[in-house]
Structures are given as structure tokens and as C-alpha cells.
Amino acid sequence: MLTVGWTCMLSLRIHDYLYFQVLSPGDIRYIFTATPAKDFGGIFHTRYEQIHLVPAEPPEACGELSNGFFIQDQIALVERGGCSFLSKTRVVQEHGGRAVIISDNAVDNDSFYVEMIQDSSQRTADIPALFLLGRDGYMIRRSLEQHGLPWAIISIPVNVTSIPTFELLQPPWTFW
């Protein structure tokens, strides 16, 4: 793991986007775009070269997770719906997750980012929370199911300004 300072952290977010790359499985080895929660959650102080992206069970993560043990020290992939974004983030945090990526539950959403805001509970969360397009979340989960894998291996955050444009492998179903 490589520690990233605050000044470097600013260069990893372009227009309030944060990027991560799926390293495995290979059929979805793309750089994905996510947006950080607006008014809750932490920021990435560390760049993870290889960390597991574990789909939560149940997917909405509104309560106890049956695979919470696998989320400890990893990043959870959660689906929107059933409870607030903050509640989902807190569930993942309570299971020891380092961050949560919440994908839209509209699997055909390939362009509209939802602004994740705090609920009215006055609770807080310390781990980073990111919003992912529904199509991207669906394609990641589908690939894991097709390969019979319990998680993807990702690198997060990715500094896309240091990658030549012709090397930016973006999902073919999403337009940047």
C-alpha cells in the first residue's frame, strides 16, 4: 500500500469524480468513475494497489451482512435502496470495511450520478462512500457471478491524469 498525502489526493479527484480500476476478473478490467458522498464519510488517505471489492450480502446492506467477515479490511459493493446511503455506509463500517461503493439499483443507468447526502439521523460515518452508476455495478456483479468469484480485485483511487489517454480502459457501455 502507498500512502497518499492531501495535496496528491486533490489530483485524484477531477470534477468531483474518483476513479478505481478493476484488475480482476479480466473481462471487466476497466477504470470506473464514482462520485464521493457530498456531506458524510471519509476520504482516501491510502491508495490501495490491490484490495478486494466484495459484493454485500444482502446487496442493499441495510442490516447484518451474511458475508461481513469478507468485507473486513476490504471495500464493499452495495446496491442502492432499502435504507439511506449513510445507513449503508455505517453497516459496512461496522463490519470493518475500509470503504463502500454504492451502485444505483437502476441497472440501465449509465450516465446519471446521484448526490449522496446525509440522512436526518445526525449520525456520522468515517469511511469513504462512493456512488457508482447502475450499469457499472451490474456489470461488475454479473462478471463475478459468471466467473463464480466472491470478489473483484481493484486499485483505488486511480490518478487518471497520469495515464495516457490511449491507455484509459473505460467500460465500453459508458461514455466519458
Side-chain angles (χ1 to χ4, degrees), residues 13 15-22 24-25 27-42 44 51-72 74-121 123-154 156-158 170-176:
R13 290 179 59 182
H15 306 294
D16 289 325
Y17 295 122
L18 192 135
Y19 302 90
F20 68 94
Q21 181 175 21
V22 173
S24 174
D27 63 330
I28 54 167
R29 192 178 168 103
Y30 301 116
I31 293 175
F32 292 88
T33 305
T35 55
K38 181 178 179 179
D39 59 3
F40 69 89
F44 283 95
I51 192 165
H52 294 160
L53 177 63
V54 182
E57 286 298 329
E60 290 181 343
C62 292
E64 188 65 28
L65 302 178
S66 63
N67 66 339
F69 177 78
F70 295 108
I71 288 173
Q72 185 171 349
Q74 306 302 322
I75 297 175
L77 178 63
V78 172
E79 284 185 22
R80 180 181 182 195
C83 61
S84 71
F85 294 118
L86 178 58
S87 293
K88 296 171 184 302
T89 303
R90 288 182 53 86
V91 166
V92 170
Q93 180 175 304
E94 290 164 7
H95 282 83
R98 295 192 182 225
V100 61
I101 298 175
I102 302 170
S103 70
D104 198 351
N105 53 1
V107 298
D108 59 343
N109 178 9
D110 62 1
S111 60
F112 179 71
Y113 289 92
V114 172
E115 189 171 77
M116 296 192 309
I117 59 172
Q118 193 171 68
D119 58 23
S120 59
S121 68
R123 299 173 299 165
T124 61
D126 299 320
I127 63 171
L130 305 171
F131 183 82
L132 181 66
L133 295 173
R135 175 68 48 90
D136 292 345
Y138 168 76
M139 296 301 277
I140 291 170
R141 284 188 300 278
R142 187 181 86 170
S143 176
L144 293 175
E145 288 170 8
Q146 288 175 340
H147 293 288
L149 297 171
W151 52 68
I153 299 173
I154 67 170
I156 189 169
V158 172
Q170 56 196 354
W173 56 85
T174 303
F175 296 102
W176 282 20

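Every heavy atom of this structure was used, including side-chain atoms; hydrogens, water molecules and symmetry mates were not.
- For S121, the side-chain contact (heavy atoms from CB on, under 4.5 Å) test picks out L86, D119, R123, with sequence neighbours left out.
- Among residues two or more places apart in sequence or in another chain, the side-chain contact (heavy atoms from CB on, under 4.5 Å) test is passed with A99 by F44, I75, P128.
- Among pairs with a residue in residues 60-71, those fulfilling side-chain hydrogen bond (donor to acceptor under 3.5 Å, both in side chains) read E64-H95, at least two apart in sequence or across chains.
- In this structure, the side-chain contact (heavy atoms from CB on, under 4.5 Å) partners of S24, at least two apart in sequence or on a different chain, are I153.
- Among residues two or more places apart in sequence or in another chain, the side-chain contact (heavy atoms from CB on, under 4.5 Å) test is passed with F112 by N109, V114.
- Applying the disulfide bond (SG atoms under 2.5 Å apart) rule to pairs touching residues 75-116 yields C62-C83, sequence neighbours excluded.
- Looking at residues two or more places apart in sequence or on another chain, you find no side-chain hydrogen bond (donor to acceptor under 3.5 Å, both in side chains) involving N105.
- With sequence neighbours excluded, the residues satisfying ring-ring contact (aromatic ring centres under 6.0 Å, His included) with Y30 are W173.
- For the pair Y17 and T35, the minimum side-chain heavy-atom distance is below 4.5 Å.
- Applying the ring-ring contact (aromatic ring centres under 6.0 Å, His included) test to F131 and every residue at least two apart in sequence or in another chain returns nothing.
- Listed by chain and number, the residues in a ring-ring contact (aromatic ring centres under 6.0 Å, His included) with F40 amount to none (sequence neighbours excluded).
- Not counting sequence neighbours, the partners of E94 by the salt bridge (charged side-chain N to carboxylate O under 4.0 Å, His left out) test are R90.
- Pairs passing the salt bridge (Lys or Arg N to Asp or Glu O under 4.0 Å) check and including a residue from residues 74-84, sequence neighbours excluded, read E79-R141, R80-D104.
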